[in-house]
Amino acid sequence: LIMARVMLTAMLCLFLLQCTVANAASRMNVLMIAVDDLRPSGTAFGHPEILVPNIDKLAAKSTVFQQAFVQAATCGVSRSSLLTSRRPDTTYVLDNSVCPFTSAKSHNNWQSLPEYFRSSGYTTAGFGKIFHPNTCEGAAVGERKAAWTEPYYHAPCISLGSIYNGTCYESYPGPLPMGPGGKVTSIYANASAEATDDTMPDGMIAANAIDSISKFAAKNQNGEISEPFFMAVGFHKPHLPHIAPKKYFDLYPLENVSLPSMEDRSTPINIPDGAWNNCGEIKSYHDVSKDFAACNFSQTQPVNDTIAREQRQAYFAAASYTDAQIGRLLDALEANGLTDNTVIALWGDHGWHLGENNEWAKHTAMTWANRAPLLFSVPGVQGKLSQSFAEFVDIYPTLVDLAGLTPMPSCETEEMSQNAINCTEGASLKPLIVSEDTKLWTTEGKVAAFSQWPKSSMGYNIFTKTSDGSPVRYTEWVKYENHGPVWDKCTGKELYNHTADPNENRNIVDSPGLSDIVKTLSDQLHTGWRTG
């Protein structure tokens with residue numbers, strides 16, 4: 001009898017071991033690439049002037065979501081929503097200083113995206129800017145120590161990710177170009193003669209991530225995944241200041257840099273009071289403050305062509321620099337034989353104005369600030385463009401699904417949103433990615449995306465289509481109280497038809513004949529994402 005029990009126990013252990021091995025083999029590795037302040041760039045996203053050949057190459061074999069929207073147009077708020085799959089009214093994160101896991105006692109045990117993979121048996125490794133730095137448990141541990149099995153890697157200069165003349169930009173002894181004091185220059189090619197990709201923080205991030213790829217590959221030989229990994233690699237550029245090696249500035253001769261039309265560079269007509277942003281982030285740099293003042297920059301006065309070209313050139317150069325680091329990462333994945341068993345996701349944490357709407361940087365409710373690049377590459381699945389709406393709260397459940405893990409439950413009630421260790425306020429986009437049904441790619445999926453932006457009141461956005469198929473943005477600026485909207489305390493509304501007015505130059509919410517459309521959109525916005 002004892003021998004029989006021993007044999008039974010041994011058989012059970014062998015069975016469980018086989019199941020564990022089989023389960024690991026059925027799972028996919030994940031490489032998640034985050035790019036700070038990257039607006040839709042490159043051919044796949046409709047902006048080929050920004051040269052990002054490596055993103056374009058990845059996009060050719062990916063599902064590219066061309067209508068993807070963040071939950072708020074600033075780094076910390078967007079990333080908090082993305083990494084918890086919960087919206088700002090749930091996370092209580094409305095600026096870059098708040099940690100979603102400590103903003104309420106019920107949030108303490110929330111499970112972040114990398115934590116979910118760790119709890120599922122994955123090796124988890126983080127590099128660079130994933131969570132917003134120094135808001136939770138500190139940059140040294142990647143903000144969420146429980147998320148990572150491997151020591152977290154940050155390159156020097158984690159605040160702004162910039163080295164100028166061999167010294168962190170934030171602590172440079174100066175003087176930097178354009179004068180002394182504070183944030184001095186927003187745009188500059190790294191002045192050191194010996195400056196290369198590798199001497200900038202993003203190059204260091206790429207190099208360390210590549211080392212880990214080689215290490216992980218050694219544990220997964222012959223295409224078999226014995227120890228699946230989740231890697232999150234976050235690049236700083238093109239975040240301000242736009243400092244990059246000179247060769248990337250040389251890609252964009254200043255005289256060849258495009259400019260939006262004067263209509264597109266103007267503040268939208270009939271915009272509600274307070275909806276325009278005074279560009280405080282970029283004006284915190286001495287050169288911009290000085291140049292903008294010389295142009296009499298205001299809500300009614302854009303900057304001149306030369307300044308606009310200089311800022312656009314610098315942004316383009318910084319984006320191209322980061323694209324080169326992404327290329328190094330993807331090459332390493334292929335060289336180590338991991339492309340056939342690794343899901344790749346790439347996203348920018350929000351959009352960016354480059355003079356459109358008379359705005360610079362982010363921090364608006366406008367589409368240029370809220371639409372961001374998002375793509376997923378899955379081995380064996382052909383590339384395609386999706387016009388379905390997507391939201392950044394969808395990224396977490398989508399990666400869980402694509403990796404072959406147990407799907408996340410939906411946050412079906414407010415109580416569940418606040419108290420569940422793990423649930424999603426988004427939806428998995430997997431059906432739109434792996435389906436071979438071309439009708440699904442174009443006619444189904446999400447019918448709307450939602451975002452918000454806090455100013456003196458809260459601007460709540462819905463991006464959707466009207467009954468005639470026209471894509472629109474509809475916004476209500478309302479009182480914000482107890483972590484939510486007070487809809488009957490509305491100070492302004494906006495409506496833009498993206499077919500007739502893709503750049504949002506004229507607010508048509510009060511135009512004759514649109515009252516029924518406005519009523520429908522308002523009802524849909526008030527009903528919100530749970531049925532959106």
With distance as the sole criterion, is a donor-acceptor pair present between the side chains of Gln387 and Gln66 under 3.5 Å?
-> yes

Closest contact, heavy atoms only, Lys446 versus Ala427 | CE-CB, 4.1 Å

Pair Ser162-His236, side-chain hydrogen bond (donor to acceptor under 3.5 Å, both in side chains): steps then yes or no = CA-CA 8 Å; Ser162 296; His236 290 276; over 6 Å; no

Would you check if the side chain of Ser451 reaches a backbone N or O of Ala72 as a donor-acceptor pair within less than 3.5 Å?
-> no

Got a donor-acceptor contact below 3.5 angstrom from the Gln313 side chain to the Tyr252 backbone?
-> yes

Working to the nearest 0.5 Å, report the span between OG of Ser386 and CG of Leu375.
-> 12.0 Å

Arg312 and Glu356 ion-paired at < 4.0 Å | yes

Nearest-0.5 Å distance that lies between atom OG in Ser119 and atom CD1 in Ile421 | 10.0 Å

Please examine the side chains of Met458 and Pro485, heavy atoms only from C-beta on, and report whether any two atoms are closer than 4.5 Å.
-> no

Is it true that Glu414 and Arg530 make a salt bridge, defined as a side-chain N closer than 4.0 Å to a carboxylate O?
-> yes

Look at the side chain of Thr398 and the backbone N and O of Ser428, then say whether any donor-acceptor pair between them is shorter than 3.5 Å.
-> no

Could you tell me whether the side chains of His350 and Asp37 share a donor-acceptor contact shorter than 3.5 Å?
-> yes

Apply side chain to side chain donor-acceptor pair (under 3.5 Å) to Thr364 and list each qualifying residue two or more places apart in sequence or on a separate chain.
-> His353

With Phe229 as partner, the option from Thr149, Leu338, Ile213 fulfilling side-chain contact (heavy atoms from CB on, under 4.5 Å) is Leu338

Kindly indicate whether the side chain of His242, heavy atoms from C-beta on, has any atom under 4.5 Å from the side chain of Gln311.
-> yes

Could you tell me whether Leu251 atom CG has more than 12 heavy atoms of other residues or ligands within 6.0 Å of it?
-> yes

Answer with yes or no whether the side chains of Asp95 and Ser97 bring together a donor and an acceptor at under 3.5 Å.
-> yes

Specify the closest pair of heavy atoms between Pro245 and Tyr321, including all atoms of both residues, with the distance to one decimal.
-> CD-CD1, 3.8 Å

Could you tell me whether the side chain of Glu504 and the main chain of Thr367 form a donor-acceptor pair under 3.5 Å?
-> yes

Considering all heavy atoms, the nearest Tyr396-Leu82 contact = CB-O, 3.8 Å

Quick one: are the ring centres of Trp148 and His154 less than 6.0 Å apart?
-> no

Look at the side chain of Asn134 and the backbone N and O of Ala139, then say whether any donor-acceptor pair between them is shorter than 3.5 Å.
-> yes

Kindly give the heavy-atom pair with the smallest separation between Thr91 and His107, and that separation in Å.
-> O-CE1, 3.6 Å

Any donor-acceptor pair under 3.5 Å linking the side chain of Thr124 with the backbone of Arg118?
-> no

Do the non-hydrogen side-chain atoms of Leu432 and Phe376 ever get within less than 4.5 Å of each other?
-> no

Selection residues 43-116 - residue pairs positive for disulfide (SG to SG under 2.5 Å), sequence neighbours left out = Cys99-Cys136

Counting N and O atoms only, with roles assigned by atom type, does the side chain of Asp401 sit under 3.5 Å from a partner on the main chain of Leu429, one being a donor and the other an acceptor?
-> no

Side chain to side chain contact (heavy atoms under 4.5 Å, CB included) between Leu160 and Leu240: does it pass, once the steps are laid out?
-> CA-CA 7 Å; Leu160 296 173; Leu240 285 164; 6.0 Å; no

Quick one: are Lys362 and Arg39 in side-chain contact, heavy atoms under 4.5 Å?
-> no

Could you tell me whether the side chain of Asn422 and the main chain of Tyr116 form a donor-acceptor pair under 3.5 Å?
-> no

Is a side-chain N or O of Lys145 found less than 3.5 angstrom from the main chain of Ala140, in a donor-acceptor match?
-> no

Are the side chains of Tyr460 and Phe450 in touch, meaning some heavy atoms are under 4.5 Å apart?
-> no

When rounded to the nearest 0.5 angstrom, what distance separates CZ in Arg473 from CG in Asn461?
-> 5.0 Å

Decide side chain to side chain contact (heavy atoms under 4.5 Å, CB included) for Asn277 and Trp453; before the verdict, give the C-alpha distance in whole Å, the side-chain angles of both, and the deciding distance to 0.1 Å.
-> CA-CA 11 Å; Asn277 178 44; Trp453 183 247; 5.8 Å; no

Only one of Leu330, Ile344, Thr63, Val343 passes side-chain contact (heavy atoms from CB on, under 4.5 Å) with Ser377; say which it is.
-> Ile344

Close side-chain approach of Phe45 and Leu385, heavy atoms under 4.5 Å = no

Test log, rule side chain to side chain contact (heavy atoms under 4.5 Å, CB included), inputs Ile326 and Val35 | CA-CA 9 Å; Ile326 292 170; Val35 187; 3.9 Å; yes

Show your reasoning for whether side chain to side chain contact (heavy atoms under 4.5 Å, CB included) applies to Phe316 and Leu354.
-> CA-CA 10 Å; Phe316 294 174; Leu354 287 171; 3.7 Å; yes

Flag the pair Leu374 / Asp394 as yes when at least one side-chain heavy-atom distance between them is below 4.5 Å, and no otherwise.
-> no

Using distance alone, with no hydrogens and no angle criterion, decide if Tyr153 and Ser212 have a side-chain donor and acceptor under 3.5 Å apart.
-> no

Quick one: are Glu150 and Lys215 in side-chain contact, heavy atoms under 4.5 Å?
-> yes

Charged N to carboxylate O under 4.0 angstrom, Arg79 versus Asp36?
-> yes

How close do Trp110 and Ser417 get, heavy atom to heavy atom, and via which atoms?
-> CZ2-O, 3.5 Å

Atom pair OG1 (Thr322) and CD1 (Ile33), whose distance is rounded to the nearest 0.5 Å | 11.0 Å

Using only heavy-atom distances, determine whether the side chains of Asp323 and Tyr248 contain a donor-acceptor pair under 3.5 Å.
-> no

Output yes when a side-chain donor or acceptor of Gln71 lies under 3.5 Å from a complementary backbone atom of Ser78, and no otherwise.
-> no

Residues Ala209 and Val233: closest non-hydrogen pair is CB-CG2, 3.9 Å

For the pair Arg328 and Asp197, find out whether any cationic side-chain nitrogen is under 4.0 Å from an anionic carboxylate oxygen.
-> no

Point-to-point distance, once rounded to the nearest 0.5 Å, from NZ of Lys237 to CD of Gln325 = 12.5 Å

With a cut-off of under 6.0 Å to the ring centre and 45° to the axis, is Arg27 in cation-pi contact with Tyr122?
-> no

